[in-house]
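Bear in mind that the values here come from a model prediction, so they are computed numbers and not experimental data.
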Amino acid sequence: MQNQKKLRMGMIGGGPGSFIGAIHRNAALLDGLIEITAGAFSSRADKSLETGKELMLDENRVYASYDEMFEKELQLPKSERIDIVSIVTPNHAHFDPTKKALEMGFHVILDKPMTLSYEEAKELYQVIQNAEGIFCLTHTYTGYPMIKQAKQMIADGVIGEVRKVYVEYPQGWLWKLLESEDNKQAQWRTDPSKSGASGCFGDIGTHAFNLAEYVSGQKVTKICADLSVKVEGRQLDDDGAVLMRFENNASGILTASQIDTGAENNLKIKIYGDKGGIEWMQEDCNSLMVRWPDKPDEIYRAGSPFLSSLAQENTRTPAGHPEGYIEAFANIYRNFARCIYARQNGQEPKKEWLDFPGSEDGIRGMAFVDHVLASSESEMKWVPFIVEK
């Protein structure tokens with residue numbers, strides 16, 4: 001990729017007050033493969049321009065809407081127009097810009113979940129299959145090097161046949177009715193018209209579900225769910241638990257909560273096979289614990305030379321130098337960009353580069369939300385997990 005021009009990116013969303021917009025921008029820029037060239041950063045033209053000025057963009061490439069961005073960028077020579085559209089809006093504004101961008105030939109990287117509803121996800125899935133551009137969904141936690149190490153070790157049979165999966169995502173930031181206090185993040189995430197039919201499970205439950213399937217290498221086939229609203233006056237679930245059964249008959253337990261008072265974001269996953277077990281937590285993200293029944297536990301550390309190629313390909317620094325959330329996010333952007341470069345050059349991407357979330361992860365995530373709601377509303381009955389496309 002030496003001497004290749006940077007990929008040009010236009011962002012939709014990520015204006016003033018956006019948490020995730022800045023995260024996406026930092027991740028995209030980290031490896032020098034992408035530059036931010038254009039954007040429609042807000043539904044308000046003045047706010048979009050404000051963000052464009054902060055990013056020192058050409059004002060002619062800062063737009064009042066994504067429709068205007070698509071129209072005017074396509075009028076530019078191909079050597080100047082954006083290559084990638086990054087969409088970092090609330091859930092209700094995922095479907096339309098993603099569909100239009102793909103149909104116009106752009107590559108798209110989209111913040112999760114894929115859409116507002118399962119029905120939208122099914123339609124968008126078909127659009128993605130027929131699109132020229134590459135589609136990526138930012139399930140951030142799959143980008144951690146030691147998560148990739150765990151995935152590879154399980155795939156290689158190191159802990160044997162998977163028997164049990166535990167995944168836990170505790171947050172505490174919605175411990176009170178924060179949406180009544182002019183908190184924009186809380187307001188849209190607890191509003192069904194913007195977040196979708198689920199709150200906590202649409203927001204972080206989908207991350208936990210995605211991680212369980214990604215690391216274990218097993219697909220969920222049946223679930224039994226219990227969602228609840230703990231904070232009086234809230235419209236959407238803020239807490240819940242799900243029993244899962246996987247395709248190889250392994251069992252699983254997934255818990256997600258945004259009312260675990262005092263909790264931050266210590267996402268955890270533990271997977272046990274018939275030979276050993278693997279444990280990882282985000283608060284110590286550079287470590288992977290491997291447990292054995294007949295010998296001492298082992299701790300694998302990011303940056304070590306004996307790790308798998310999948311882990312090493314997604315590590316930037318030597319052992320002992322912490323890599324965290326931004327780097328995990330950036331790994332998704334880097335692999336996405338490398339695959340675009342490979343296509344432009346008529347080359348086959350390395351298999352490690354192809355390891356980023358896409359349309360299959362997106363539609364399964366939305367199906368998970370739909371099935372969880374169905375099970376919870378039917379008094380915690382087991383429901384088959386069937387993904388329609």
### Query
So does Glu181 pair up with Lys176, basic N to acidic O under 4.0 Å?
yes
### Query
Would you call Glu50-Lys53 a salt bridge at under 4.0 Å N-O?
no
### Query
So, are Arg8 and Glu35 salt-bridged, with charged N and O less than 4.0 Å apart?
no
### Query
How about Asn248 and Glu161: does a side-chain donor come under 3.5 Å of a side-chain acceptor?
yes
### Task
Before giving the answer on salt bridge (Lys or Arg N to Asp or Glu O under 4.0 Å), spell out for Asp284 and Arg301 the whole-Å C-alpha distance, their side-chain angles and the decisive distance to 0.1 Å.
CA-CA 10 Å; Asp284 186 16; Arg301 292 283 291 167; 3.7 Å; yes
#### Entry: Salt-bridge criterion met for Lys112 and Asp203 (N-O under 4.0 Å)
yes
### Query
In a check of ring-ring contact (aromatic ring centres under 6.0 Å, His included) between Phe209 and each of Tyr214, Phe385, Tyr169, which one passes?
Phe385
### Task
For the pair Asp31 and Arg338, find out whether any cationic side-chain nitrogen is under 4.0 Å from an anionic carboxylate oxygen.
no
### Message
Do Asn265 and Tyr325 have side chains that approach each other closer than 4.5 Å (heavy atoms only, starting at C-beta)?
### Response
no
#### Entry: For the student: nearest non-hydrogen atoms of Ser216 and Val162, plus distance
O-CG2, 4.1 Å
### Message
Applying ring pair (Phe, Tyr, Trp, His ring centres under 6.0 Å) to Trp353 and Phe336, what does each step give before you reach the verdict?
### Response
CA-CA 7 Å; Trp353 300 352; Phe336 175 62; over 10 Å; no
### Query
Any ion pair linking Arg316 and Glu327 (charged N to carboxylate O, less than 4.0 Å)?
no
### Query
Could Lys122 and Glu119 be called an ion pair, given the rule that one side-chain N must be under 4.0 Å from one carboxylate O?
yes
### Query
Which atoms form the tightest heavy-atom contact between Pro293 and Lys275, and what is the distance?
CD-O, 3.2 Å
### Close aromatic pair by centroid cut-off 6.0 Å: Phe356 and His139
no
### Message
Would a single hydrophobic cluster contain both Leu29 and Met11, if residues Ile, Leu, Val, Met, Phe, Trp and Tyr are joined by side-chain heavy-atom contacts under 4.5 Å?
### Response
yes
### Message
More than 12 heavy atoms of other residues, nucleotides or ligands under 6.0 Å from CD of Gln344: yes or no?
### Response
yes
### Message
Between Arg61 and Glu80, does any NZ, NE, NH1 or NH2 come within less than 4.0 Å of an OD or OE carboxylate oxygen?
### Response
no
### Task
Among Pro192, Ser198, Cys200, find the one that has a side chain to side chain contact (heavy atoms under 4.5 Å, CB included) with Leu236.
Pro192
### Message
Any carboxylate oxygen within less than 4.0 angstrom of a Lys/Arg side-chain nitrogen, looking at Lys351 and Asp355?
### Response
no
### Query
Where does the angle between the aromatic ring planes of Tyr141 and His207 fall among parallel (under 30°), tilted (30 to 60°) and perpendicular (over 60°)?
perpendicular
### Message
Check this for me: Glu232, atom CD, are more than 12 non-hydrogen atoms of other residues, nucleotides or ligands nearer than 6.0 Å?
### Response
no
### Task
Establish, yes or no, whether the cationic atom of Lys270 lies under 6.0 Å from the six-membered ring centre of Tyr166 and within 45° of the ring axis.
yes
### Glu348 atom CD, over 12 foreign heavy atoms within 6.0 Å
no
### Summary
Partner of Ser308 under side chain to side chain contact (heavy atoms under 4.5 Å, CB included), picked from Glu352, Lys151, Gln149, is Gln149
### Query
Are Ile278 and Glu298 close enough that some pair of their side-chain heavy atoms sits under 4.5 Å apart?
no
